[in-house]
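Right, one structure below, let's go through it.
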Number of protein chains: 2
Amino acid sequence: METQKESILYHHFEKFIPISESLKIELFNRIEYQEFKKGELLHQSHKVCTKSYFIQKGLVRSFFLKDGKEITEFFSCENEWVNSPKSFMQRKVDIYDIDAIEDTSVFWLEINDLGYLFDHFPEMERYARLSMGAIMRHLLERITILRFTTAKEKYNHFCEVYKDIYHRIPLGMVASYLGITQETLSRIRK
Amino acid sequence: METQKESILYHHFEKFIPISESLKIELFNRIEYQEFKKGELLHQSHKVCTKSYFIQKGLVRSFFLKDGKEITEFFSCENEWVNSPKSFMQRKVDIYDIDAIEDTSVFWLEINDLGYLFDHFPEMERYARLSMGAIMRHLLERITILRFTTAKEKYNHFCEVYKDIYHRIPLGMVASYLGITQETLSRIRK
DNA sequence: CAAAACTTTTGATTTAAATCAAAAAATTAT
DNA sequence: ATAATTTTTTGATTTAAATCAAAAGTTTTG
């Protein structure tokens, strides 16, 4: 497993920052591998989220309950980190559950270990800043799309942005992600 | 002006990180003060945004044109940074103009100077990570509100989040920010 | 202070999408 | 395989908000 960890994660980090030998060691020593079957929960809403998951293979969704229905907040796939953001950053309980849409394998890092890395490796702070920038740009685009497009345009945009995964996700989850009903999405799709 | 710079900005940074004497000097030496009259542009969309503005006094909006109409993307007020995010982070032209809704005074920092600070003061990277976290949480909440609330609920939420500034902003700008028409917002408000 | 320009309100009508209800299709479990 | 469960599609109706149009109210400026 060690070589796999190294190659996949190393490659990911190297997109943002150069990784020194010492950081590599400290980072990989703290990372754990885990597998989840389809439907299993990576995180439960009633707990504080203390782990951040890097998805090696598979697909997960973050969702919450509203009027008894599951509302998808985001999808996360290969080579992305996922956690319950508010819970993870502020060490408190939040509304999100995270489950596996497909059988999923991940590497995870404890928040305390991440804190250690931030304290001892400034380049990790830089990595966080740069990768958060990419996420922010994604969120900003989503906000624009949500405000000024029809249901059809929302779906088309979704298929572009998530072109590798849109066909792997049940329709109902996509609908709530887009803020439309599944009946509407079903009609759009045909 | 020097003491004012120091007190306002110093206080802001200290919310996130301790500021060393040397960072203080390097930071304040690079920051410029500027005033804008109501209606003046801080940033024009056809240029690359190379400055980030910290608002000392006043109120600005970032907007773009869609079908000939001005669509507000966000409002920024006292003690907040504002720039054209994609343009600033990726050094390319984007769609946003930024103008002053009220007479506004700012401190600005050039992207190259910010880069210098990131390279020499790891705590600045941390500051960026932490403050971006706060912005991300704000964007996530906005996404949830946009998808599942009525126009009235959107407006009520807006007034809560922007309780100090909502009454200072023309109705049409608020409407486009919320993704509703100004006729609808006018009806909601009475 | 009056004219011009801009912003907000009001009214009538249309429309995209929600809601309610049920059937069909696809998965999952026995 | 067959039953049970879940997901998706189809149909009829309602509704919130958009659109179109114009009047009323503000603010700016010459």
Side-chain angles (χ1 to χ4, degrees), chain A residues 36-41 58-61 63 65-72 75 97 99-104 143-159 165-190, chain B residues 36-41 58-61 63 65-72 75 97 99-104 143-159 165-190:
Chain A
F36 296 90
K37 290 267 166 226
K38 179 177 176 176
E40 285 181 345
L41 290 166
L59 185 54
V60 310
R61 78 174 162 150
F63 66 99
L65 289 175
K66 185 185 159 76
D67 309 325
K69 285 183 180 172
E70 295 179 351
I71 305 295
T72 299
F75 300 109
D97 285 286
D99 74 359
I101 294 176
E102 303 173 347
D103 291 354
T104 296
I143 286 171
T144 304
I145 292 290
L146 279 173
R147 286 181 303 170
F148 298 108
T149 60
T150 61
K152 183 171 198 105
E153 289 169 326
K154 286 185 181 81
Y155 181 65
N156 289 341
H157 178 259
F158 175 80
C159 292
I165 59 168
Y166 76 92
H167 55 280
R168 291 152 62 182
I169 305 169
L171 173 143
M173 293 182 191
V174 175
S176 70
Y177 175 86
L178 297 176
I180 62 182
T181 61
Q182 54 175 25
E183 293 94 327
T184 296
L185 183 53
S186 174
R187 283 172 180 121
I188 282 164
R189 230 166 37 167
K190 52 139 239 285
Chain B
F36 295 91
K37 289 269 167 222
K38 179 176 176 174
E40 285 181 346
L41 291 166
L59 185 55
V60 310
R61 77 176 161 148
F63 67 98
L65 288 176
K66 185 184 160 74
D67 309 325
K69 284 183 180 173
E70 295 178 350
I71 306 295
T72 299
F75 299 108
D97 285 284
D99 75 359
I101 295 176
E102 303 173 348
D103 291 354
T104 295
I143 285 171
T144 303
I145 293 289
L146 279 173
R147 287 181 302 170
F148 299 109
T149 60
T150 61
K152 184 171 197 105
E153 289 168 326
K154 287 186 181 81
Y155 181 65
N156 289 341
H157 178 259
F158 175 80
C159 292
I165 60 168
Y166 76 92
H167 55 279
R168 291 153 61 184
I169 306 170
L171 173 142
M173 293 183 190
V174 175
S176 70
Y177 176 85
L178 297 176
I180 62 182
T181 61
Q182 55 174 23
E183 292 95 327
T184 295
L185 183 53
S186 173
R187 284 174 180 118
I188 282 165
R189 231 168 33 171
K190 54 140 232 289

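The structure displayed is predicted, hence computed values, not measured ones. The chains referred to below are lettered A, B, ... by the order of the sequence lines, with proteins before strands, and numbering in each begins at 1.
The two residues A:Leu59 and A:Thr104 have their closest heavy-atom pair at N-OG1, 3.2 Å. Scanning both residues, B:Leu41 and B:Phe36, for their nearest heavy atoms gives O-CE2, 3.6 Å. Here the closest non-hydrogen pair linking A:Ala175 and A:Leu185 is N-CD2, 3.6 Å. Of all non-hydrogen atoms in A:Lys38 and A:Asp103, the two that sit nearest each other are N-OD1, 2.8 Å.
OP1 and OP2 of D:dA17 both lie 4.0 Å or more from every side-chain N or O belonging to B:Thr181. Proximity of B:Thr150 to the phosphate of D:dA16: no side-chain N or O atom is located under 4.0 Å from OP1 or OP2.
Looking only at side-chain heavy atoms (C-beta outward), B:Tyr155 and B:Ile180 stay at 4.5 Å or farther from each other. At a threshold of 4.5 Å between non-hydrogen side-chain atoms, the residues A:Phe63 and A:Met173 do not count as touching. For the pair B:Thr149/B:His157, no side-chain contact is recorded, criterion being any heavy-atom separation below 4.5 Å from C-beta on.
In this structure, the CZ atom of B:Phe148 is 13 Å from the C1' atom of C:dA18, given to the nearest Å. A:Ile101 has its CD1 atom 16 Å from the C1' atom of D:dT6, to the nearest Å. For the pair A:Arg61 CZ and D:dT7 P, the interatomic distance rounds to 9 Å; values are reported in whole Å. Rounded to a whole Å, the CG atom of A:Asp67 is 14 Å from the C1' atom of C:dA18. To the nearest angstrom, P of C:dT28 lies 12 Å from CD of A:Glu102. Atom NZ in B:Lys69 sits about 13 Å away from atom P in C:dT7, given to the nearest Å. Counting to the nearest Å, the P atom of D:dT9 and the CD1 atom of A:Ile180 are 12 Å from each other. Between the C1' atom of D:dA18 and the NZ atom of B:Lys154 lies a distance of 13 Å, rounded to the nearest Å.
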Between the protein and nucleotides 8-15 of chain C, which nitrogen or oxygen pairs are less than 3.5 angstrom apart?
residue : atom : partner  : partner atom : Å
C:dT8   : OP1  : B:Leu171 : N            : 2.8
C:dT8   : OP2  : B:Leu171 : N            : 3.3
C:dT8   : OP2  : B:Gly172 : N            : 3.0
C:dT9   : OP2  : B:Ser186 : OG           : 2.9
C:dT9   : O5'  : B:Ser186 : OG           : 3.1
C:dG11  : N7   : B:Arg187 : NH2          : 2.3
C:dG11  : O6   : B:Arg187 : NH2          : 3.1

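Contacts of A:Lys38 with the nucleic acid, taken as non-hydrogen atoms under 4.0 Å apart, involve only primed sugar atoms and P, OP1 or OP2. B:Gly39 comes within 4.0 angstrom of nothing in the nucleic acid, heavy atoms only.
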